[in-house]
> 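I have a structure here, written as structure tokens, and I will follow up with some questions on it.
Residue numbers count from 1 along this sequence.
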Amino acid sequence: MKTLVILFAGSRSRYMFDPLFAGKSAFERSLEWAGSLKKINESETVVFTSESVKKSVEKVLSSATFLSSYDEKIEICSETQWCVKTLLQHISVCAKERHADAVVFAWADQPFIDSRITESILHDHFEYKGEYTFADGYPGGLSPEVIDTGTADILFQFSDGIQAEFGKKAVERTSIFDLIKTDINSFDVETVIAERDYRLFRMSFNCATKAAATACRALFDCGIEGKTIDEISDIACSCVSVLKNLPSYYSIQITDKINVPAIYRPVDREVESLDGNRFMSLKDFKAIIKKISKFSENAVVSLSAWGEPLCHPDFIEMIRAVLAEDGLTALVETDGISVTEEMCSVLKKACDDSGENCNPGIAAGKIIWIVNVDAFSAQKYMQVHCAADCFEKAAAGVEMLKKYFPDSTFPQFTRMDENEDELESFWRYWSDKTKFKNNLLIVQKYDSLCGLLPYRKPADLSPLERNPCWHIRRDMTVLVDGSVCFCRCRLRRDIIGNAFSESLAEIWKRLTDEVQNQMNGNYSELCGKCDEYYTFNF
């Protein structure tokens with residue numbers, strides 16, 4: 001059977017060409033993997049690239065000595081901009097032109113694609129006459145997808161017809177399977193299943209971002225050459241440098257002032273207060289944003305840690321400061337009461353003027369809005385927020401934001417014993433597509449803040465097996481005076497540094513020992529009381 005190997009380099013990947021792996025780049029290693037398939041299957045290789053990186057691709061292809069093992073020249077297919085429809089069209093055309101029976105598709109910035117799992121996927125694909133075959137349960141980036149040539153053409157027609165809106169979307173790492181899932185019963189999908197399910201760790205080995213490339217380099221330094229995909233996966237989830245590399249979510253308290261209280265928020269005048277008047281200066285905020293951009297490069301920056309961000313007099317300028325940094329996304333969690341049309345209009349223009357979103361994996365937009373509604377009626381809102389007259393303002397705030405930011409506005413319901421009876425009504429109202437263009441909403445779990453607040457959970461969703469906390473592996477919380485919390489749940493009970501006066505890298509290192517302790521099954525007193533460890537931000 002003949003296969004066509006397609007390496008996709010059509011999306012921005014900052015570290016794809018950096019020699020991070022014993023002098024070789026992720027792109028070079030992916031080419032080596034593609035070349036290895038000639039030993040197990042008749043195949044050709046085509047690189048799909050964008051015009052912006054085409055010269056870098058051509059440079060590698062013209063200089064890499066290992067490419068002499070290829071019997072034919074590796075071809076390049078380039079587009080100015082790739083969408084799902086364009087991708088599937090080119091896959092179909094390239095496969096037909098080369099009379100390939102199937103296409104092996106992988107991203108070109110993945111340095112650890114495994115040849116043996118590829119062989120297993122191809123075997124099952126042809127043995128069971130699959131239309132789409134993939135490996136399930138492994139970390140991302142270690143295995144390719146296999147698509148029947150006829151199926152590729154069907155998917156192209158699909159993306160140009162009844163799924164035309166999907167076809168216009170930018171290409172993401174799961175785009176092909178996501179399209180198949182829109183009508184999954186129409187396709188014969190085969191899987192090679194991992195003996196152990198590694199999806200809990202949410203690992204994806206690629207070089208698209210600084211954090212991802214750092215994790216790849218840490219894994220490579222563990223000595224994985226020659227290891228099987230199962231061995232590599234086991235090593236990855238036991239290495240603290242892989243599981244904790246760089247923060248991807250920063251929660252910044254730009255003010256401690258709030259409009260309305262909530263029973264799920266701490267009554268702590270050092271954190272937030274109705275009469276609070278502490279504001280982080282615009283100068284200090286901009287300095288932190290510069291530090292974040294330099295340290296993490298790609299991250300979501302929330303302006304809402306224990307305070308109402310719209311109360312800050314420089315709120316709009318702070319959003320502009322985040323938008324000015326390539327790779328950063330702004331998140332605003334608000335009560336919605338202070339939302340105005342003027343503010344929405346100004347920020348929509350600022351968002352549009354800032355260009356495309358260059359934060360991989362964040363499809364919602366450059367500003368994400370979360371509005372704490374928490375109820376379906378004013379009476380229930382009163383129980384949660386002690387301010388019945390603000391319910392209509394909060395709901396109106398959601399609708400105003402949806403008008404300007406329809407793809408990135410989320411009404412939120414923090415689920416508790418007190419409001420559980422209105423959860424279904426809340427969901428039905430905000431998910432009604434006859435009322436709203438997008439049925440976006442968030443149901444948030446209640447957090448007792450390591451036992452500081454009463455137990456109010458109507459259901460326990462904790463996993464049977466505890467994993468190292470996501471928040472100390474990926475999040476950093478900065479309070480109004482620059483203090484950095486051990487984590488959001490501990491508030492001021494455990495300060496580990498100050499973002500105004502110290503480097504973020506030094507502060508971040510101070511959490512590594514705790515991550516290692518949790519990987520070994522050892523938990524501090526406060527962490528032992530917490531059940532936020534399995535929740536995930538970005």
> Which of parallel (below 30°), tilted (30 to 60°) and perpendicular (above 60°) describes Phe8 and Trp107?
perpendicular
> Quick one: closest heavy-atom pair of Ala394 and Val371, and the distance?
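Answer, listing the atom of Ala394 first, then Val371: O-CG1, 3.9 Å.
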> Considering non-hydrogen atoms only, spot the tightest contact between Phe391 and Ser377 and give its length.
CZ-N, 3.8 Å
> With sequence neighbours excluded, give me every salt bridge (charged side-chain N to carboxylate O under 4.0 Å, His left out) pair touching residues 330-349.
Glu341-Lys403, Lys348-Asp352, Lys349-Asp353
> Within 45° of the six-membered ring axis of Trp430 and under 6.0 Å from that ring's centre, is NZ or CZ of Lys402 located there?
no
> With a 4.5 Å cut-off on side-chain heavy atoms, are Thr409 and Leu440 touching?
no
> Looking only at heavy atoms, which two atoms of Arg456 and Ile263 are closest? And how far apart?
NH1-O, 3.0 Å
> Is there a donor-acceptor contact under 3.5 Å from the side chain of Ser248 to the main chain of Ala299?
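No.
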> Within the supplied structure, the quantity of interest is the number of heavy atoms (other residues, nucleotides, ligands) at a distance under 6.0 Å from Lys393 NZ; does it exceed 12?
no
> Give every residue pair that meets the ring-ring contact (aromatic ring centres under 6.0 Å, His included) criterion with at least one member in residues 452-507, sequence neighbours excluded.
Trp470-Phe536
> Under the side chain to side chain donor-acceptor pair (under 3.5 Å) test against Lys445, which residue among Asp460, Asp531, Thr535, Thr414 passes?
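When Asp460, Asp531, Thr535, Thr414 are each tested with Lys445, the side chain to side chain donor-acceptor pair (under 3.5 Å) holds only for Asp531.
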> Taking only residues two or more places apart in sequence or in another chain, which ones pass side chain to side chain donor-acceptor pair (under 3.5 Å) with Thr214?
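Per chain and number, Thr214 pairs via side chain to side chain donor-acceptor pair (under 3.5 Å) with no residue.
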